[in-house]
Amino acid sequence: MSRECHISSLVVHGLPDCMSSIAQSIGSLDGAEIHGGQDTGKLIVTLETDTESQVVERINAIQLLDGVLAATLVFHHFEPVQERE
């Protein structure tokens with residue numbers, strides 16, 4: 001089975017009083033990076049994962065964080081990873 005690289009982006013809406021803890025929790029997830037929005041209550045998040053199921057797992061984990069109102073998938077792309085010889 002060939003390896004894949006999955007790149008996804010999300011918008012995460014949260015309660016204003018919880019944004020700091022939400023951002024900290026998301027930042028601790030493997031492959032997650034926050035690109036702004038904390039002051040607006042709408043975080044822009046990218047995920048880099050090896051499988052589609054990991055994308056779903058990360059989104060579910062984010063949706064279950066205290067103070068998160070919604071985590072919406074905006075973009076998802078994947079391609080095979082070329083093995084080095």
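When reading the values below, keep in mind they use all heavy atoms of this one structure, side chains included, and skip hydrogens, waters and symmetry mates. Bear in mind that the values here come from a model prediction, so they are computed numbers and not experimental data.
L73 and S9 make their closest contact through CD1-O, 3.6 Å (heavy atoms, listed as atom of the first residue, atom of the second, distance). The two atoms that bring A71 and I59 nearest to each other are O-CG2, 4.3 Å, heavy atoms only. Heavy atoms only, all atoms of each residue included: Q38 and A23 are closest at OE1-CB, 3.6 Å.
Considering only residues two or more places apart in sequence or on other chains, S21 meets the side-chain hydrogen bond (donor to acceptor under 3.5 Å, both in side chains) condition with none of them. With sequence neighbours excluded, the residues that form a salt bridge (charged side-chain N to carboxylate O under 4.0 Å, His left out) with D30 are R58.
Proximity of H76 to I7: side-chain heavy atoms (C-beta onward) are nowhere separated by under 4.5 Å. Within the 4.5 Å cutoff, no side-chain heavy atoms of R3 are placed close to those of P80. With contacts defined as side-chain heavy-atom distances shorter than 4.5 Å, the pair L15/L69 qualifies.
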Please test I26 against L65 for side-chain contact (heavy atoms from CB on, under 4.5 Å), starting from the C-alpha separation and ending with a verdict.
CA-CA 9 Å; I26 292 172; L65 294 173; 3.9 Å; yes
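With a 6.0 Å radius and a threshold of 12 heavy atoms from other residues, nucleotides or ligands, Q63 has its CD atom above the threshold. Atom CD of E4 has more than 12 heavy atoms from other residues, nucleotides or ligands within 6.0 Å.
Note that CZ of F78 is 11.0 Å distant from SG of C5, once rounded to the nearest 0.5 Å. For the atom pair OG of S25 and CG of L64, the computed distance is 11.5 Å after rounding to the nearest 0.5 Å. Annotation: the span from S8 atom OG to E52 atom CD amounts to 8.5 Å, rounded to 0.5 Å. Going from atom CE of M19 over to atom CG of D39 covers 9.0 Å, rounded to the nearest 0.5 Å.
The six-membered or imidazole ring of H77 lies away from that of H6, with a centre-to-centre distance of 6.0 Å or more.
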Sequence neighbours excluded and cut-off under 3.5 Å, please list the side-chain donor-acceptor pairs for residues 43-50, or say none.
from : atom 1 : to  : atom 2 : distance (Å)
T46  : OG1    : H35 : NE2    : 2.7
T49  : OG1    : T51 : O      : 3.2

